**Student:** 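Below you'll find the structure I mean.
Just so we're clear, the structure is a prediction, and the values are computed from it rather than from any experiment.
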Amino acid sequence: QVQLVESGGGLVQAGGTLRLSCAASGFTFSSYAMRWYRQAAGKERELVAAITRGGDSTNYADSVKGRFTISRDNAKNTVYLQMDSLKPEDTAVYYCNVVRLPTYWGQGTQVTVSS
């Protein structure tokens, strides 16, 4: 049973910082790449960032490049998303995801950025 538990969201002013965490269980964490997605109200789910299983390579959506950093700690079965210089358009529910089939989704964590 794959479980993904996101945390760390909250309310922050524009220009602020949040660090999201995703605690994973139910699979061999170090064997899989991980991703962060977000979904804003009324919009489709968007891929934000991805990281290889060893953490040696990352990729980002153009909208967050230079501001967000994805990382992982395989010893803790946890993937992180460091979000700096937050903008109101970053407001969304953020989800982590395992690059494997079938797809599993946790409850997500709400990020709200005020002007």
Side-chain angles (χ1 to χ4, degrees):
Q1 175 85 343
V2 171
Q3 291 190 74
L4 303 169
V5 181
E6 300 93 342
S7 62
L11 175 63
V12 65
Q13 292 187 344
T17 295
L18 286 173
R19 188 183 190 230
L20 308 184
S21 298
C22 172
S25 62
F27 63 99
T28 304
F29 181 77
S30 62
S31 294
Y32 294 93
M34 298 292 293
R35 293 169 172 166
W36 282 98
Y37 287 81
R38 67 186 181 188
Q39 186 167 28
K43 298 183 67 178
E44 294 183 352
R45 189 162 47 214
E46 172 191 18
L47 178 62
V48 174
I51 188 167
T52 54
R53 65 181 187 174
D56 55 298
S57 183
T58 59
N59 210 342
Y60 301 91
D62 288 342
S63 59
V64 307
K65 283 181 180 177
R67 301 188 298 117
F68 289 12
T69 304
I70 187 171
S71 62
R72 67 191 297 161
D73 186 339
N74 285 347
K76 296 182 178 179
N77 284 13
T78 302
V79 62
Y80 305 95
L81 187 67
Q82 177 72 33
M83 305 187 295
D84 300 324
S85 302
L86 282 161
K87 303 175 180 180
E89 50 262 46
D90 296 319
T91 296
V93 178
Y94 284 72
Y95 302 89
C96 64
N97 175 254
V98 189
V99 183
R100 57 170 276 176
L101 294 175
T103 299
Y104 295 91
W105 300 99
Q107 80 286 354
T109 186
Q110 176 71 49
V111 172
T112 302
V113 185
S114 62
S115 301

**Student:** Any link between Tyr32 and Trp36 through a network of hydrophobic side chains (Ile, Leu, Val, Met, Phe, Trp, Tyr) touching at under 4.5 Å?
**Tutor:**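 Same cluster: Tyr32 reaches Trp36 through Ile, Leu, Val, Met, Phe, Trp or Tyr contacts under 4.5 Å.
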**Student:** What are the two closest non-hydrogen atoms of Arg67 and Leu86, and how far apart are they?
**Tutor:**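 Nearest pair, atom of Arg67 first, then Leu86: NH1-CA, 3.9 Å.
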**Student:** Show the nearest heavy-atom pair for residues Phe29 and Arg72, with the distance to one decimal.
**Tutor:**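 Of all heavy-atom pairs spanning Phe29 and Arg72, the closest is O-NH2, 2.9 Å.
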**Student:** Locate the shortest heavy-atom distance separating Leu81 from Ala49; write the atom from each residue and the value.
**Tutor:**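 Scanning both residues completely, I find the closest heavy atoms to be CD1-CB, 4.2 Å.
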**Student:** Where is the tightest heavy-atom contact between Ser71 and Ile51, given as atom of each residue plus distance?
**Tutor:**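 Heavy atoms only, the tightest pair is CA-CD1, 3.6 Å.
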**Student:** If you count the non-hydrogen atoms of other residues, nucleotides and ligands that lie under 6.0 Å from CZ in Arg53, is the total more than 12?
**Tutor:**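 It does not: Arg53 CZ has 12 such atoms or fewer within range.
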**Student:** For a 4.5 angstrom cut-off between non-hydrogen side-chain atoms, does Val64 reach Arg38?
**Tutor:**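 Result yes, sub-4.5 Å side-chain heavy-atom pair found.
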**Student:** Which value, rounded to the nearest 0.5 Å, describes the distance between Asn77 atom CG and Thr28 atom OG1?
**Tutor:**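 With rounding to 0.5 Å, CG (Asn77) is 8.5 Å from OG1 (Thr28).
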**Student:** Compare all side-chain heavy atoms of Arg100 with those of Val2 and state whether any distance is below 4.5 angstrom.
**Tutor:**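 Heavy-atom side-chain distance check passes, below 4.5 Å.
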**Student:** Write down the atom of Arg45, the atom of Gln39, and the distance for their closest heavy-atom approach.
**Tutor:**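 Of all heavy-atom pairs spanning Arg45 and Gln39, the closest is N-NE2, 3.7 Å.
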**Student:** Taking the side chain as every heavy atom from C-beta outward, state whether Val98 and Tyr104 have any atom pair closer than 4.5 Å.
**Tutor:**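 A side-chain contact under 4.5 Å is absent here.
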**Student:** Linking I/L/V/M/F/W/Y whenever any side-chain heavy atoms sit under 4.5 Å apart, do Tyr94 and Leu4 land together?
**Tutor:**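 Both belong to a single hydrophobic cluster.
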**Student:** Apart from Val5 itself, what residues make up its hydrophobic cluster, given side-chain heavy atom links below 4.5 Å?
**Tutor:**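 Reading the cluster by chain and number, Val5 sits alone, since nothing else belongs.
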**Student:** Nearest 0.5 angstrom please: Tyr95 OH to Thr103 OG1, how far?
**Tutor:**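 Taking OH in Tyr95 and OG1 in Thr103, the distance rounds to 14.0 Å.
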**Student:** Any chance you could measure Asp73, atom CG, to Ser30, atom OG, to the nearest 0.5 Å?
**Tutor:**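 These two atoms lie 11.5 Å from each other.
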**Student:** Minimum heavy-atom separation for Gly54 and Asn74, please, with both atom names.
**Tutor:**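 Heavy atoms only, the tightest pair is CA-ND2, 4.5 Å.
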**Student:** Are the side chain of Gln3 and the backbone N or O of Gly26 linked by a donor-acceptor pair below 3.5 Å?
**Tutor:**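 No, the answer is negative, given that no donor and acceptor are paired below the 3.5 Å cut-off.
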**Student:** Rounded to the nearest 0.5 Å, what separates atom CG in Asn97 from atom SG in Cys22?
**Tutor:**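 Taking CG in Asn97 and SG in Cys22, the distance rounds to 9.0 Å.
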**Student:** Counting distance only, does the side-chain N/O of Thr78 pair as donor-acceptor with the main-chain N or O of Ala23 below 3.5 Å?
**Tutor:**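 Side chain of Thr78 to backbone of Ala23: no pair is present.
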**Student:** May I ask you to check whether over 12 heavy atoms, not counting those of Glu89, lie within 6.0 Å of atom CD?
**Tutor:**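 Buried by this count: over 12 neighbours within 6.0 Å.
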**Student:** Would you compute the distance between atom CD of Gln82 and atom CG of Leu18 and round it to the nearest 0.5 angstrom?
**Tutor:**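 Taking CD in Gln82 and CG in Leu18, the distance rounds to 8.5 Å.
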**Student:** For the hydrophobic clusters of this structure (ILVMFWY residues joined by side-chain heavy atoms under 4.5 Å, transitively), does one cluster hold both Tyr37 and Val79?
**Tutor:**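 Different hydrophobic clusters.
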**Student:** Is there a side-chain contact between Leu20 and Glu6, using heavy atoms and a 4.5 Å cut-off?
**Tutor:**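 No - every pair of side-chain heavy atoms lies 4.5 Å or more apart.
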**Student:** Could you tell me whether Asp62 and Lys65 have a side-chain N and a carboxylate O separated by less than 4.0 Å?
**Tutor:**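 So Asp62 pairs with Lys65 through a salt bridge.
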**Student:** Is there a path of hydrophobic side-chain contacts, each under 4.5 Å between heavy atoms, that joins Leu47 and Met34?
**Tutor:**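 Leu47 does not cluster with Met34.
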**Student:** Working to the nearest 0.5 Å, report the span between OG1 of Thr91 and CD of Gln110.
**Tutor:**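 Spacing of OG1 (Thr91) from CD (Gln110) equals 7.0 Å.
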**Student:** Could you note down all residue pairs passing ring-ring contact (aromatic ring centres under 6.0 Å, His included) where residues 43-91 supplies at least one of them, sequence neighbours left out?
**Tutor:**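 Matches after skipping sequence neighbours: none remain.
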**Student:** Is there a side-chain contact between Met83 and Val111, using heavy atoms and a 4.5 Å cut-off?
**Tutor:**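 Counting from C-beta outward, Met83 and Val111 do come under 4.5 Å.
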